[in-house]
Every structure is written in structure tokens, then in C-alpha cells.
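A short worksheet on the structure shown next.
Order of appearance sets the numbers: ligands from 1, and atoms from 1 within every ligand. Residue numbers count from 1 along this sequence.
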Amino acid sequence: MNKAAFFDRDGTINVEVNYLYKIEDLKFIEGIPELIKKYNDNGYKVIIVTNQAGIARGYYTEEDMHKLHRHINAELKKIGAHIDAFYFCPHHPEHGIGKYKVDCNCRKPKPGMIEQAIKDFDIDVSQSILFGDKPWDIEAGEKCGILSIVV
Ligand SMILES: [Zn+2]
């Protein structure tokens, strides 16, 4: 089994910008790239779990988000760090457009994204940790039995 460090994205690894998708608006929170590297070096899977209602609302596309995520990993690579996987929820139960208007099981505080990652990476929750800045991050982590810390 693997141990994992889960991170929320907006407000936890990058400075919160409303509906961030532009590469030029990405700014890491101080110390976070080094923290990610520490988990990489200690054998943790580093996994992002992020609600992306901006996709549901039509403000940007999944591809815009993937571009930003590739950029995040390119920046981290400069210090020898990386994110192993990004899980995202593109849904919103009320404001979603078309296929994105879903009362899904992945939008935090629901645990769907974390549960999927646990399956995909064979994660031992007792050896794992989650960092987030919002109550719903912590709630989602705790539902999965993961020590969850507010940053
Ligand atoms: Zn969802």
C-alpha cells in the first residue's frame, strides 16, 4: 500500500484567485513547493483534490484546467518536485450548465475524489494526510479517515 499527501488546490497550494485558470495568475503559496518536494522525497503520493465549479459554470474548460495543471507540474519540476495526480470535480448541482449540472459524489465535502484516489493508488489512509483551507476540505478528508489539517 502507499501513503499519500492530499492537497486542496485553490487557497492551499496556490494563492486563491476567483475561478483561476490562467497560467499567468498562478502564484504558489510560500513554502508549498518545498513541502510537496518533502512528501515526494519521503515516498508519499502527492494528490490534488479540487472542486472546479468554474468548469460547471462555463467560465473555462477542462482543457484550460489541464493546461494549468501541466504548468503547475512544470514549475514544481524546477525544484525536483511533482504532483502525482490531480482529481477534480467539474460539477455544480445548481449552477452547472448542461452535463455539469449534477448532484455528484465528488464535490467536496463529499468524499468521492478522495475515495477514487484511494482505490487508484492503493492508499493506506492511516499513513496519509490531507491539507486544505476550507471546512469542506477537512470534512471530505475526515470522511475517509484521513488526518486532515487546516492550513
Ligand atoms: Zn463532481
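Within the cation-pi definition used here (under 6.0 Å to the ring centroid, within 45° of the axis), Lys3 qualifies as a partner of Tyr44.
Among protein atoms, those of element N, O or S found less than 2.8 Å away from the Zn ion (ligand 1) are Cys89 SG, His91 ND1, Cys104 SG, Cys106 SG.
Between Tyr87 and Phe121, the two ring planes are perpendicular [angle over 60°; tilted spans 30° to 60°].
Side-chain atoms of Lys143 come within 3.5 Å of backbone N or O of Pro109 as a donor-acceptor pair.
Atom CD of Glu63 has more than 12 heavy atoms from other residues, nucleotides or ligands within 6.0 Å.
Of the listed residues (Met113, Lys134, His92), just one forms a side chain to side chain contact (heavy atoms under 4.5 Å, CB included) with Asn51, and that residue is Met113.
Using a 3.5 Å distance cut-off with no hydrogens or angles, the side chains of Asp84 and His82 do pair a donor with an acceptor.
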